[in-house]
Amino acid sequence: MTATTFIHTEASTSRFARIKEQDLDLQVHYNDTGGDGPVVVMLHGSGPGASGWANFNRNVQPLADAGLRVILLDCPGWSKSDPIVCTGSRSDLNARALKGLLDALGIERAHLIGNSMGGHSTVAFALSNPTRIGKLVLMGGGTGGPSQFVPMPAEGIKLLQALYREPTIENLRRMMQVFVFDTSHLTEELFQARLDNMLSRRDHLENFVSSLEANPRQFPDFGPRLGEIKAPALIIWGRDDRFVPVDIGLRLLWGMANAELHIFSRCGHWAQWEHAEKFNRMVLDFFTKD
Ligand SMILES: O=C(O)/C=C/C(=O)/C=C/C=C(\O)C(=O)O
């Protein structure tokens, strides 16, 4: 007899929570699935139409099947979470939202996986809530601030901002062309899903543009404070990342007390999607072994 695999879908794992944390009093959307093992929260990037599910759809099943409780938070201003204009540090705002969600769900401690903006937010959360974190996985993000080699904003970030200002399929294709290394994996279905997500929440797009106008540096440089983070951290980067260059990963490696770095070749800004199988193995190994 063969065992039946439980398939974790966006719809069946979709949940809402009211969170109150400092200045925040809003509804956030999240996905919650998996086993009764350690909790892992995944935080998505800042692209138009991004969401926890869009960023991590290749990672939920293997981690949940291994018994982890997998939570994907849609940050305020994305997907089905409430809209917001952010005039200060977006990394810290997302960290407050995460604290609010963990409190609402009665979760004391969690491993965190952050992609791009999600990496910045993970570091912000680790700095403000050091007793609430287990291990950290950071991909394509962890701190704002300069690259030593690439003019900032990087070409991908310029295309991302252009897409927010003019959310058309042409601008989406332009951004996605530099988003991943091997563009042959980008299907029409993926483009359409992204476009639908984007256009279904024009308030989010307009708020992002207003936020940038109020404060162009949404993601502060945590460089001087990285040494405060003692939690084990696995930093994963794409060699060919044209959004957040690979030397930002090196800055994290040097700055954090207990970090290791893996660089994938033939990989852009979406390591967890472009190299999903190996990424999932590495992360499971990192979470389950001492
Ligand atoms: O400006 C930064 O440092 C961060 C940029 C991002 O967070 C870009 C992320 C893009 C995605 O993850 C996406 O799915 O669109």
Side-chain angles (χ1 to χ4, degrees), residues 42-59 72-79 86 89-95 113-124 137-147 150-164 167 169 171-181 183 185-186 190-191 193-199 201 204-205 208-209 211-212 215-223 235-238 240-249 251-252 267-276 279:
M42 302 185 185
L43 297 170
H44 61 82
S46 69
S51 68
W53 201 269
N55 272 210
F56 296 108
N57 57 68
R58 294 187 168 180
N59 317 109
L72 315 181
L73 168 63
D74 288 344
C75 293
W78 273 271
S79 190
C86 174
S89 160
R90 171 109 41 197
S91 315
D92 290 285
L93 184 155
N94 291 339
I113 300 181
N115 174 222
S116 199
M117 171 182 78
H120 306 333
S121 311
T122 294
V123 166
V137 179
L138 305 170
M139 303 92 68
T143 181
S147 159
V150 175
M152 303 285 255
E155 57 175 328
I157 299 297
K158 287 188 189 165
L159 292 173
L160 177 152
Q161 294 180 0
L163 180 57
Y164 268 108
I169 185 72
N171 279 347
L172 176 63
R173 287 188 199 283
R174 269 186 209 111
M175 186 193 90
M176 295 302 282
Q177 283 303 317
V178 307
F179 195 51
V180 296
F181 178 81
T183 53
H185 294 156
L186 298 175
L190 187 145
F191 281 122
R194 253 305 163 110
L195 190 68
D196 292 346
N197 280 356
M198 270 165 45
L199 297 182
R201 292 302 301 258
H204 288 338
L205 306 181
F208 190 89
V209 173
S211 303
L212 269 185
N215 175 23
R217 293 181 196 277
Q218 293 275 303
F219 307 117
D221 188 350
F222 291 125
I235 303 161
I236 298 178
W237 229 271
D240 313 287
D241 191 329
R242 292 156 78 177
F243 278 65
V244 182
V246 71
D247 67 297
I248 304 292
R251 281 182 60 209
L252 294 170
C267 179
H269 192 53
W270 239 14
Q272 79 281 4
W273 189 86
E274 297 180 68
H275 291 266
F279 175 91

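Just so we're clear, the structure is a prediction, and the values are computed from it rather than from any experiment. Just follow the structure's listing: the first ligand is 1, and inside any ligand the first atom is 1.
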Give me the residue, atom name and distance of the protein heavy atom closest to [atom].
{"atom": "atom 1 (O) of ligand 1", "result": "I157 CD1, 3.3 Å"}
{"atom": "atom 14 (O) of ligand 1", "result": "R194 NH2, 2.5 Å"}
{"atom": "atom 11 (C) of ligand 1", "result": "F179 CZ, 3.5 Å"}
{"atom": "atom 3 (O) of ligand 1", "result": "H120 NE2, 2.8 Å"}

Would you mind running through ligand 1 and noting each atom that sits below 4.0 Å from a heavy atom of [X]?
{"X": "V244", "answer": "3 (O)"}
{"X": "F219", "answer": "1 (O), 2 (C), 3 (O), 4 (C)"}
{"X": "M117", "answer": "6 (C), 7 (O)"}
{"X": "W270", "answer": "12 (O), 14 (O)"}
{"X": "G47", "answer": "9 (C), 10 (C), 11 (C), 13 (C), 15 (O)"}
{"X": "S116", "answer": "4 (C), 5 (C), 6 (C), 7 (O), 8 (C), 9 (C)"}
{"X": "N115", "answer": "12 (O)"}

For the pair H269 (side chain) and D241 (backbone), establish whether a donor and an acceptor sit closer than 3.5 Å, ignoring hydrogens and angles.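 No; zero donor-acceptor contacts below 3.5 Å.
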
Taking the side chain from W273 and the backbone from A54, do they hold a donor-acceptor pair closer than 3.5 Å?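 No, W273 side chain to A54 backbone: no donor-acceptor pair under 3.5 Å.
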
Report yes if L160 has an N/O atom closer than 3.5 Å to an N/O atom of ligand 1; otherwise report no.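 Min N/O separation from ligand 1 is not below 3.5 Å for L160.
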
Would H269 count as being in polar contact with ligand 1, using the rule that some N or O on each side must be under 3.5 angstrom apart?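 No, H269 has no N/O under 3.5 Å of an N/O on ligand 1.
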
Just by distance, with hydrogens left out, do [X] and [Y] show a side-chain donor and acceptor under 3.5 Å apart?
{"X": "H44", "Y": "N115", "answer": "no"}
{"X": "N197", "Y": "R194", "answer": "no"}
{"X": "D74", "Y": "S51", "answer": "no"}

Looking at E155 and R242, what are the two nearest heavy atoms and their distance?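 For E155 and R242, the tightest heavy-atom pair comes out as OE2-NE, 2.6 Å.
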
Which heavy-atom pair separates F222 from A124 by the least distance, and what is that distance?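 Answer, listing the atom of F222 first, then A124: CZ-CB, 3.7 Å.
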
Could you check whether any side-chain heavy atom of F243 comes within less than 4.5 Å of a side-chain heavy atom of V178, counting everything from C-beta outward?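 Yes. Closest side-chain heavy atoms under 4.5 Å.
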
Check: Y164 and L212 side chains under 4.5 Å, non-hydrogen atoms: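 SC-SC contact between L212 and Y164 ruled out.
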
